[in-house]
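To keep things clear, I will list the structure first and then write my remarks on it.
We count ligands from 1, going down the list as the structure has it; atoms in each ligand are counted the same way.
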Amino acid sequence: MDEVTNELKTVILYRSKHHGNTKKLVDAVAAAHPEITVIDVASLGKREYPDLSPYHIIAFASGIYYGKFDADIRRIAEECLRDGDNVIGFITYGGNDKHNGRELSGICRLKFANLLSVYGCPGFDTYGPFKFVGGMNKGRPNEEDIAGAVEFYDRIVKDYGQIFLDERAKRDKRDAYNREHPTGGLIAGIKRSARKLAGKRKDSGKE
Ligand SMILES: Cc1cc2nc3c(=O)[nH]c(=O)nc-3n(C[C@H](O)[C@H](O)[C@H](O)COP(=O)(O)O)c2cc1C
């Protein structure tokens, strides 16, 4: 492991409820990187939210169900992400549409988190009418799909790992400063703005 990999903390939150297709990607990435924390969101209670603050990379992995990431994954992303979080996605899907994580991208934008990229591949699908024809995408994800997921993760770490570490150090510093200098809430904020405005008026009177 190089220095960046050594320091970088990654969590993968996954849901793989149809055929374990997405789990195959997750297992391969985790096997190549035993330092990664893996959480099956099915093991969490409805009000149980993981603490994502230690992680430099937050990966959401899911099958596509009714055109979207799993609902629990979306709920956790909405609840737990914060500004400056770095997010990647892994998806498997049955149809032709590559989905590319558009709703995850919306959630990230709302939370001021950065969605870097989403890796996706077809997954065996026997949902609805497909079960009558023996299913779609038999044998997928295959070895190549699975190796692709590991390569994708490795590339993210290689290209962005150091940037993630640097940006996190800055965010931690900012958080520490804000903790030491509490703004004092809404009333204090209004008073500060009023003082600023009054000051400006005084200055403009001098000119
Ligand atoms: C309830 C359900 C809904 C699905 N909806 C879609 C869909 O809208 N679009 C699509 O491409 N695949 C859809 N699929 C197929 C899955 O995305 C695909 O099989 C995926 O690989 C499942 O991953 P998993 O085994 O990790 O759960 C659906 C599957 C199920 C069970």
Side-chain angles (χ1 to χ4, degrees), residues 9-50 52 55 57-81 85-111 113 115-157:
K9 288 192 175 61
T10 297
V11 61
I12 303 179
L13 296 122
Y14 79 93
R15 185 83 166 102
S16 185
K17 59 191 175 198
H18 191 29
H19 288 292
N21 297 329
T22 315
K23 186 172 186 301
K24 287 180 186 158
L25 307 183
V26 173
D27 286 349
V29 175
H33 293 276
E35 73 280 5
I36 293 177
T37 302
V38 178
I39 301 173
D40 179 356
V41 305
S43 70
L44 300 174
K46 282 285 171 204
R47 283 160 198 259
E48 194 184 346
Y49 289 104
L52 302 183
Y55 301 104
I57 301 178
I58 298 163
F60 292 107
S62 171
I64 293 298
Y65 314 109
Y66 308 113
K68 289 182 172 170
F69 270 64
D70 168 70
D72 288 325
I73 294 269
R74 284 184 277 134
R75 179 175 49 79
I76 288 170
E78 280 166 11
E79 183 67 30
C80 300
L81 288 177
D85 278 342
N86 296 305
V87 178
I88 57 172
F90 293 94
I91 56 176
T92 64
Y93 45 82
N96 289 328
D97 181 353
K98 298 255 183 300
H99 294 283
N100 62 30
R102 42 188 177 255
E103 71 284 354
L104 184 60
S105 147
I107 295 169
C108 287
R109 271 203 300 276
L110 285 171
K111 306 294 291 195
L115 178 64
L116 272 297
S117 191
V118 176
Y119 176 85
C121 69
F124 183 48
D125 181 9
T126 54
Y127 182 63
F130 296 132
K131 67 172 166 284
F132 301 114
V133 292
M136 289 275 288
N137 310 322
K138 244 187 194 159
R140 306 292 292 272
N142 57 24
E143 269 180 30
E144 205 179 312
D145 298 325
I146 293 169
V150 179
E151 272 166 37
F152 165 81
Y153 178 77
D154 286 341
R155 213 166 42 240
I156 292 278
V157 170

Q: Salt-bridge test for D85 and K111: reply yes if a basic N is under 4.0 Å from a carboxylate O, no otherwise.
A: no
**Q.** Salt-bridge contact K24-D27 (side-chain N to carboxylate O under 4.0 Å)
**A.** no
Q: With heavy atoms only and a cut-off of under 4.0 Å, state how Y127 meets ligand 1: side chain, backbone, both or neither.
A: side chain
Q: Identify, by atom number and element, the atoms of ligand 1 in contact range of G20, meaning under 4.0 Å from any of its heavy atoms.
A: 25 (O)
Q) Checking E79 side chain against Y49 main chain: does a donor-acceptor pair fall under 3.5 Å? A) no
(Q) Could you measure the distance from the OG atom of S62 to the CG atom of L25? Nearest 0.5 Å is fine. (A) 11.0 Å
Q) Going by distance only, is there an N or O of R15 that falls short of 3.5 Å from an N or O of ligand 1? A) no
Q: Could you list which atoms of ligand 1 come closer than 4.0 Å to a heavy atom of Y66?
A: 1 (C), 3 (C), 4 (C), 5 (N), 6 (C), 7 (C), 8 (O)
Q: Indicate yes or no: does D125 engage R140 in a salt bridge with an N to O separation below 4.0 Å.
A: no
Q.
Using a plain distance cutoff, I'd like to know if T92 has any nitrogen or oxygen under 3.5 Å from a nitrogen or oxygen of ligand 1.
A. yes
Q: Using distance alone, determine whether H18 and ligand 1 share an N or O pair under 3.5 Å.
A: yes
Q. Relative to the heavy atoms of K17, which atoms of ligand 1 are at a distance of less than 4.0 Å?
A. 27 (O)
Q) Which of the atoms of ligand 1 are close to G67, meaning less than 4.0 Å from one of its heavy atoms? A) 7 (C), 8 (O)
Q) Who's closest to atom 4 (C) of ligand 1 heavy-atom-wise, of I64, D125, T22, T126? A) I64
Q: Measure from the side-chain N and O atoms of T22 to the backbone N and O of G63, and report whether any donor-acceptor pair falls under 3.5 Å.
A: yes
Q: Compute whether any side-chain donor of one residue and acceptor of the other, for Y127 and Y66, lie under 3.5 angstrom apart.
A: yes
Q: Before signing off on this row, confirm whether G94 and ligand 1 have an N or O atom pair separated by under 3.5 Å.
A: yes
Q: Just say parallel, tilted or perpendicular for the rings of Y119 and F152, cut-offs at 30° and 60°.
A: tilted
Q: Find all atoms of ligand 1 within a distance of less than 4.0 Å from any non-hydrogen atom belonging to G95, and give their numbers and elements.
A: 10 (C), 11 (O), 12 (N)
